[in-house]
Number of protein chains: 2
Amino acid sequence: MRPTVHDIAAAAGVSLATVDRVLNQRPGVRLVTREKVEAAIRQIGYIRDVAAANLAKSRVYPLVFIVPTGDNSFMHGLRFEVHQATLRASIERTDIRIVEVPPFDVPALVTALNTLQGQDIAGVALVATDAPEVRTAVDRLVSERIPVITLVSDLTDSARHHYAGIDNIAAGRTAARLLGRFLGGREGDLTVLAGSMLVRDHRERLQGFSAVMAEEFPKLRLLPVLEGRDDPEQARSLVSKALSANKSIIGIYSLGAGNRGLIAALKAVRPERELTVVVHELTQHTRAALLDGTIDAVLNQDAGHEVRSAIRVMKATADGQAVIADQERIRLDIFLKDNLP
Amino acid sequence: MRPTVHDIAAAAGVSLATVDRVLNQRPGVRLVTREKVEAAIRQIGYIRDVAAANLAKSRVYPLVFIVPTGDNSFMHGLRFEVHQATLRASIERTDIRIVEVPPFDVPALVTALNTLQGQDIAGVALVATDAPEVRTAVDRLVSERIPVITLVSDLTDSARHHYAGIDNIAAGRTAARLLGRFLGGREGDLTVLAGSMLVRDHRERLQGFSAVMAEEFPKLRLLPVLEGRDDPEQARSLVSKALSANKSIIGIYSLGAGNRGLIAALKAVRPERELTVVVHELTQHTRAALLDGTIDAVLNQDAGHEVRSAIRVMKATADGQAVIADQERIRLDIFLKDNLP
DNA sequence: CTGTTAGCGCTTTCAA
DNA sequence: TTGAAAGCGCTAACAG
């Protein structure tokens, strides 16, 4: 049996209440008493039973998820996963509120964050748009001792406690190598479709992609980036135009969302144009396109894992507990047509 | 506040003890009473608080992990992860015992399993050697209502409750496509290095690999499989011999462990021989080889995830609780030199 | 067959 | 500043 508060109380010669006050750093304990108790705690190797504590406190963790609205499947999926988490709320002692904001909209995000100030919240997770105003709002919450976690896209130089998302530079590099190797020494142009350079994940993917291309695949030339705002219709239109304007395009890297539109554009030029295509985010559309050969590889982040991880980390942060680091590392999933889940 | 046993008791007009007996399907309740209580439970939408129950029971979950000994890094890593789990034992209410058996040794595995009969165990996880005798031993444990989970390699036609491992057919197929595409239309021979055809994971990887090669890469010819028993020294020797005997080998798929030996053999013929190489299991050796270009891709299963998942599933099974299916799916990780963790 | 009661490890009044 | 006692949701003796 591991030691309990009773053992500490006995060892320190005080009552349970005093032990509890020390454990929870509450006032009303003389310094000498406190030190006596702390010594006992260390000496005896006490580990708190969080479940029992939460039972006694009837604790629930009020959590807020701030996610972008938007028509693309990835954000749909993310919102779905948060919703799934609400179904587990009672058993996980969470109380999850979802706040939706327009995508790439800095003022809206800042307003949403500022609204949370002073509220009784055990943690907030947000898909960050990477702007100084957002950083300021986040840092203010952090200074109020509210756990803040960025989800999917990180916030530069902010004090957020944790980032639940993939390494986007590595993702871009991986995309480059896959595309480069799949193209096997051919020469030609590459077009890159992004959502917006306002979000850090897209910028980083591009950065990683460009680096590897420059270093290792000099025969492949990058065209100027197309920004489709993660919107299927804009993506379709931009890609169609690019393909008809430039006949030496032999590969495409789509590093954002809105791939439904990209796929439509690709199908419109098939089978005349032979293109090697790597995209991000596994959705019903990219899955089908992978299976029918329209695209060659899908890089993915598991939204379910991201949401569950964010919840675990917010709870742990709120309690000052450690997490299992490996478990919270969000990996870059690579899907070919053979290993789809 | 969600309903508690008190609410059920009140609603059904019985005492807590009776409610508890019904909830835990213990005898000593008249049929009518039981039905009254069950009706109340359903009506009121009761969800059991497992943490509180475990607190009251001072419950611990005695778990057994049966893992192969053996000199290769993967099994080392697996044993390490089980060991890590023992460090979390008190907080997770587990009591983990590790039983080591020689690799590919059916009688030893059967003995280990049979020893567990009748013991007070909340679950056993084993790396299965796929033999009928093992199946019999496993099914006996299952019939004793002990949760049994296969780890890394599954057991054909057995009644095990769950398999915590990757889809190995998909892994083999993925390896084939990567190798095929990386070789970009070249013609030549491929050699496959396996551990043993006695384990199902290796058989399935080969099966998936062969299928895609035959369907989609007819210019690449498969040589007879080399069986290295997952032993570095045997692997080195077999591969060296094969490479010097056949100068038209242009690719290698290593689907088992012991890659330390494979890498040594590859380095011995470099840079004269240009080979595209895909291997399984990320270890310090394969990581270094990936970085220095000796191998081109590593397929991996996350041993830490497998162990943590096995523990969650054993506990849930012991309690008759559901798990989050997505969370327990073990994915095939694909590592290029750019996305190493 | 059913109910009463104490207690799991921790927190929280309320008194002293 | 400290302690006694009740209680979180559930289980386990022990009576009846």
Side-chain angles (χ1 to χ4, degrees), chain A residues 1-38 40-41 44-61 89-93 95 122 315 318-321, chain B residues 1-38 40-41 44-61 89-93 95 122 315 318-321:
Chain A
M1 286 279 89
R2 67 197 226 211
T4 74
V5 280
H6 289 92
D7 300 313
I8 303 176
V14 297
S15 74
L16 288 187
T18 300
V19 172
D20 188 67
R21 285 188 266 261
V22 173
L23 280 176
N24 294 291
Q25 348 212 40
R26 268 191 297 262
V29 187
R30 259 189 314 166
L31 184 60
V32 276
T33 319
R34 150 159 288 127
E35 280 170 349
K36 209 165 48 177
V37 174
E38 280 168 347
I41 291 174
I44 200 176
Y46 171 78
I47 305 172
R48 184 211 216 86
D49 183 332
V50 180
N54 283 346
L55 175 60
K57 284 192 284 205
S58 302
R59 163 137 217 199
V60 296
Y61 299 81
S90 81
I91 167 168
E92 295 182 344
R93 297 185 108 78
D95 175 15
K315 290 172 72 171
D319 292 343
Q321 294 272 312
Chain B
M1 285 279 88
R2 66 197 229 209
T4 74
V5 280
H6 289 92
D7 300 313
I8 303 175
V14 298
S15 74
L16 288 186
T18 300
V19 172
D20 187 65
R21 284 189 267 262
V22 173
L23 279 175
N24 294 290
Q25 347 212 46
R26 269 192 294 264
V29 186
R30 257 189 317 165
L31 185 59
V32 276
T33 320
R34 147 158 289 126
E35 279 169 349
K36 209 166 45 178
V37 174
E38 281 166 346
I41 292 174
I44 204 175
Y46 172 78
I47 304 172
R48 183 211 218 85
D49 183 334
V50 181
N54 284 346
L55 175 60
K57 284 192 286 205
S58 301
R59 164 137 216 200
V60 296
Y61 299 82
S90 81
I91 168 169
E92 295 182 343
R93 293 183 168 281
D95 174 16
K315 290 172 73 173
D319 292 342
Q321 294 272 313

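Being a predicted model, the structure only gives us computed values, none of them experimental. Numbered from 1 within each chain, the chains take letters A, B, ... in sequence-line order.
For the side chain to side chain donor-acceptor pair (under 3.5 Å) test, residues two or more places apart in sequence or in another chain that qualify with Asn54(A) are Tyr61(A). A search for side chain to side chain donor-acceptor pair (under 3.5 Å) contacts involving Tyr46(B) returns nothing, not counting sequence neighbours.
Contacts of residues 15-22 of chain B with DNA chain C (heavy atom under 4.0 Å): Ser15(B), Ala17(B), Thr18(B), Arg21(B).
Where the helix from dC1(C)-dG16(D) to dA16(C)-dT1(D) starts and where it ends, the local axes point in directions that differ by 50°; five pairs per end, rounded to 10°.
Here Arg34(A) lies out of heavy-atom contact (under 4.0 Å) with every strand. The residue Asn54(A) sits apart from the nucleic acid: no heavy atom pair falls under 4.0 Å.
Proximity of a side-chain donor or acceptor of Asp20(A) to a complementary backbone N or O of Leu16(A) within less than 3.5 Å is not detected.
Atom CD1 of residue Ile47(B) and atom CD1 of residue Ile91(A) lie 7.5 Å apart, to the nearest 0.5 angstrom.
Checked for salt-bridge contact, Arg59(A) and Asp319(A) meet the test: a charged N lies under 4.0 Å from a carboxylate O.
Residues Arg34(A) and Arg26(A) come closest through the heavy atom pair NH2-O, 3.4 Å.
Contact check for Asp49(B) versus Arg2(B): side-chain heavy atoms found under the 4.5 Å cut-off.
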Filtered N/O pairs between nucleotides 7-9 of chain C and protein, under 3.5 Å:
residue: dC8(C); atom: O2; partner: Leu55(B); partner atom: O; Å: 3.4
residue: dC8(C); atom: O2; partner: Ala56(B); partner atom: N; Å: 3.0
residue: dG9(C); atom: N2; partner: Ala52(A); partner atom: O; Å: 3.2

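Boundaries of the chain A contact region on DNA chain D are dT1(D) to dG9(D), first to last in 5' to 3' order (nucleotide atom under 4.0 Å from a heavy atom).
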